[in-house]
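Step one of this worksheet: look at the structure below.
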There are 2 protein chains.
Amino acid sequence: MIPVSEARSRILAGLSPTPAETVPLAAASGRVLARPVKARLTQPPAAVSAMDGYAVRSADATDGAILDVVGSAPAGHPFAGVVGPGQAVRIFTGGFLPTGADSILLQEDAAAEGSLVTVRETVAEGRWIRPAGLDFTAGETLLEPGRKLTARDIGLAAAANHPWLAVHRAPRIGILATGDEIALPGEPLPPGGIVSSNAHALAALVRAAGGEPVVLPIAPDDEAAIIALAADARGCELLLTTGGASVGDHDLVQKALGPQGFALDFWKIAMRPGKPLIWGRLGDTPLLGLPGNPVSAIVCAVVFLLPALRVMLGQPAGATPTHAAVLGAPLPENDKREDYMRATLSPDGRVVTAFRKQDSSMLKTLARAEALVMRAPYAPALPEGAEVQIIRLDELGI
Amino acid sequence: MIPVSEARSRILAGLSPTPAETVPLAAASGRVLARPVKARLTQPPAAVSAMDGYAVRSADATDGAILDVVGSAPAGHPFAGVVGPGQAVRIFTGGFLPTGADSILLQEDAAAEGSLVTVRETVAEGRWIRPAGLDFTAGETLLEPGRKLTARDIGLAAAANHPWLAVHRAPRIGILATGDEIALPGEPLPPGGIVSSNAHALAALVRAAGGEPVVLPIAPDDEAAIIALAADARGCELLLTTGGASVGDHDLVQKALGPQGFALDFWKIAMRPGKPLIWGRLGDTPLLGLPGNPVSAIVCAVVFLLPALRVMLGQPAGATPTHAAVLGAPLPENDKREDYMRATLSPDGRVVTAFRKQDSSMLKTLARAEALVMRAPYAPALPEGAEVQIIRLDELGI
């Protein structure tokens, strides 16, 4: 049994980022940037008004002065002339500052009558002007590769005049659930059977993390079937299996795939839930074998697959993010396996309380969990109020 | 000018949840449930083994006893006979407990030889058995309407034998950017023009929040064009406009749509960024008019549109969630408008520091922001370390 952190390092070391593809800006949100986004223009392109009012020469615009309004400059319609002494130009937010003017008289500080405007408050030089390049300058790098693009980033890339962006391709993750006892939802159940839940839960998790799930048909506990279905995963960047990985006589994944050139790296980790975890390579395809227990499968996916997807998407490598929280109820001492306990969180996210029953078959408890409490091997018993590290499931979007 | 909370209440009161649609389980992740998910079966369906080992009668399975192995019960292959006195059945995780047996002898506590197995550790009655219904019972409600489905929920619904789920339809949000000065990314720029960023940033935000954006062509500052394009929004559950909403002569949205039956509710709110905010109804279609400044548009979307989408998706109504944090730098007193300041967060999310420049045209600052610091009207100056309420942008997925 190897420690969780070593298992994760060995998994991440075996993966590399997917190549880039070009996608339309409108489809790039949530994707991971593969090339820097540099500004293709300066924003604003020239000095513009930050408010509605009058573009004036500040030297003229003293309290009580009366100015001639010689034109207007709405956004998108620059004033072509020059603002001379004693003159003003009607201007609106975003309008280009006309030549000769150096500041804005606010609309609410002005009294307009016909083609004249009276200054009601002295204007300071440069007031209410956004200088050219206030936001960014042509050539400036605005977004770095490895960044998962937010809605705000899309706005920034648009403003910088990018109709297309280069992003990492979504890694295709083949998902192969094994077991004679499982059937897809709605399909006839075999005797002694249960409904398969792992493949679709993992597919949703893969999609939420930016991958492209490829759900393969269920493999019965039969070496030939596993071989045939694993072959269907060709072209995937990773093959994920569930089940067939424990220590009994029915641990078929290794048995079936060994003769097909499967190179095992490890298959037992010091973790609960999830002791049997296979990691290796089937030809060119990395293979991560998750346990068949639904809770173990998802918790192992949180701990190993999410970091793996980050590497494949070109994001910085590392463990799934953790946070400090305090215990809402005491915990017993831990044994030799690193433990990930399903737990609820207080509304402020600072108090974490583990469920009493932690059985790895209980999906209902997993669905209700808001966090996983992490416990190191041999961690001592802890009283209520003690600080622990947690993984927040809500922030992972899963 | 009306307060932010009143504006939000009036917006939310004018909206209702979209009807339900049936989607495949595999497409339901991230959707909002419209009907309860009840268990269609009991899980596990019968008592099963939690481990690999031997199903035994605990009365027989004392240290040193030798039992006859009369069959096997892998998952999916129940043993059809009965375990009699002095007998055992080989069993694997998930295998049905055979009639007659009442507990599991762990594989590591057993020594097998031919068809015999020697007990190496006395077995307690009921040990390593998962009773029928440990996870859930047929008819039990597992997931409630209004819940945004996670990957774990998908696993639970699958295990409960649901190939289809009823979810709220994604509300279609028409997005109409207005302004003579704007052009789509990559298109020729008009003189004095800038690239349109609002429509695509808002589309990404709508999609991240579970809506279906419909980006309409850009409307020039021309009443007839606005009328024609607003008509293109028919069939949308909400029409979102940006620009044309401020106090100058070029505030065209109201002017153009008034004669089309636009019923205004309010159009000025005590908020920064974002004073001009239109709310009303164009025929049957609610219309939310956001400011044209890109930062104002996105901040108003966070404060008003995200709660609106939650109501339309059948989620509980309420403000965008806030959290307590402490200031990393002092803040000046606030004026009469509720303020939402762009800010960065410490890695633990507990210290928030507002950017010095808060100009509402600066998209780069918005993209780099991790939180918005909320300041009530007339809030006093605050020192470093004072507690404030923040909106975390990362947890909104935008």
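Numbers restart at 1 for each chain; the letters A, B, ... are given by sequence-line order, proteins then strands.
Contact annotation for B:Ala203: neither backbone nor side-chain heavy atoms come within less than 4.5 Å of a heavy atom of chain A. Only the side chain of A:Pro78 comes within contact range of chain B, with heavy atoms under 4.5 Å apart. With a 4.5 Å cut-off on non-hydrogen atoms, B:Ala297 does not touch chain A at all. Heavy atoms closer than 4.5 Å to chain B are found nowhere in A:Leu202, neither backbone nor side chain. At a 4.5 Å heavy-atom cutoff, B:Lys148 makes no contact with chain A through either its backbone or its side chain. There is no contact between A:Ala46 and chain B, counting heavy-atom distances below 4.5 Å. When heavy atoms are compared at a cutoff of 4.5 Å, B:Ala26 approaches chain A by way of both its backbone and its side chain. Contact of B:Ala75 with chain A is made through backbone and side chain together, with heavy-atom distances under 4.5 Å. With a 4.5 Å cut-off on non-hydrogen atoms, B:Pro190 does not touch chain A at all. Using a 4.5 Å cut-off between heavy atoms, B:Asn293 contacts chain A through its side chain alone, with no backbone atom that close. Looking at B:Pro45, only its side chain comes within 4.5 Å of chain A, counting heavy atoms on both sides. For a residue to count as touching a neighbouring chain, one of its non-hydrogen atoms must lie under 4.5 Å from one of that chain's; by this rule A:Ala369 touches chain B with backbone and side chain alike. Heavy atoms closer than 4.5 Å to chain B are found in both the backbone and the side chain of A:Leu142.
When A:Ile298, A:Leu134, A:Leu25, A:Asp153 are compared by the number of non-hydrogen pairs under 4.5 Å with chain B, A:Leu134 comes out ahead. For chain A, the option among B:Pro191, B:Gly193, B:Gly95 with the highest count of heavy-atom pairs below 4.5 Å is B:Pro191. Between chain A and the residues B:Ala204, B:Pro185, B:Gly76, the largest count of heavy-atom pairs under 4.5 Å involves B:Pro185. Counting heavy-atom pairs under 4.5 Å between each of B:Ala39, B:Gly397, B:Ser196, B:Ala151 and chain A puts B:Ala151 at the top.
Put simply, the side chain of B:Leu41 reaches to within 4.5 Å of the side chain of A:Leu189, judged on heavy atoms. Between A:Ser361 and B:Arg130, some side-chain heavy-atom pair lies under the 4.5 Å cut-off.
Not one N or O on the side chain of A:Arg207 forms a donor-acceptor pair closer than 3.5 Å with the backbone of B:Ser29.
Rounded to the nearest 0.5 angstrom, B:Asn161 CG and A:Glu187 CD are separated by 9.5 Å. Once rounded to the nearest 0.5 Å, the distance linking CZ of B:Phe96 with CD of A:Glu181 reads 9.5 Å. To the nearest 0.5 Å, the span separating OG1 on A:Thr150 from CG on B:Leu205 amounts to 9.5 Å. The structure places CD1 of B:Ile398 at 12.5 Å from CD1 of A:Ile154, a figure rounded to the nearest 0.5 Å. Between the CG atom of B:Leu156 and the CE atom of A:Met362 there is a distance of 11.0 Å, given to the nearest 0.5 Å. Within the model, atoms CG of A:Leu143 and NZ of B:Lys364 stand 10.5 Å from one another, a figure rounded to the nearest 0.5 Å.
Among residues two or more places apart in sequence or in another chain, the side chain to side chain donor-acceptor pair (under 3.5 Å) test is passed with B:Thr22 by none. With sequence neighbours excluded, the residues that form a salt bridge (charged side-chain N to carboxylate O under 4.0 Å, His left out) with B:Asp394 are B:Arg392.
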- [ ] Show your working on side-chain contact (heavy atoms from CB on, under 4.5 Å) between B:Val195 and A:Gln43 and close with a plain yes or no.
- [x] CA-CA 9 Å; B:Val195 185; A:Gln43 177 65 20; over 6 Å; no

Task: Verdict with supporting geometry, A:Arg350 and B:Arg350, side-chain contact (heavy atoms from CB on, under 4.5 Å) - done: CA-CA 11 Å; A:Arg350 295 187 184 173; B:Arg350 293 184 188 177; 4.0 Å; yes

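Side-chain contact, B:His323 with A:Asp348: no donor N or O sits under 3.5 Å from an acceptor N or O.
Of all heavy-atom pairs between B:Thr141 and A:Arg368, the closest is O-NH2, 4.0 Å. The minimum heavy-atom distance linking A:Gly155 with B:Leu363 is given by the pair O-CD1, 3.6 Å.
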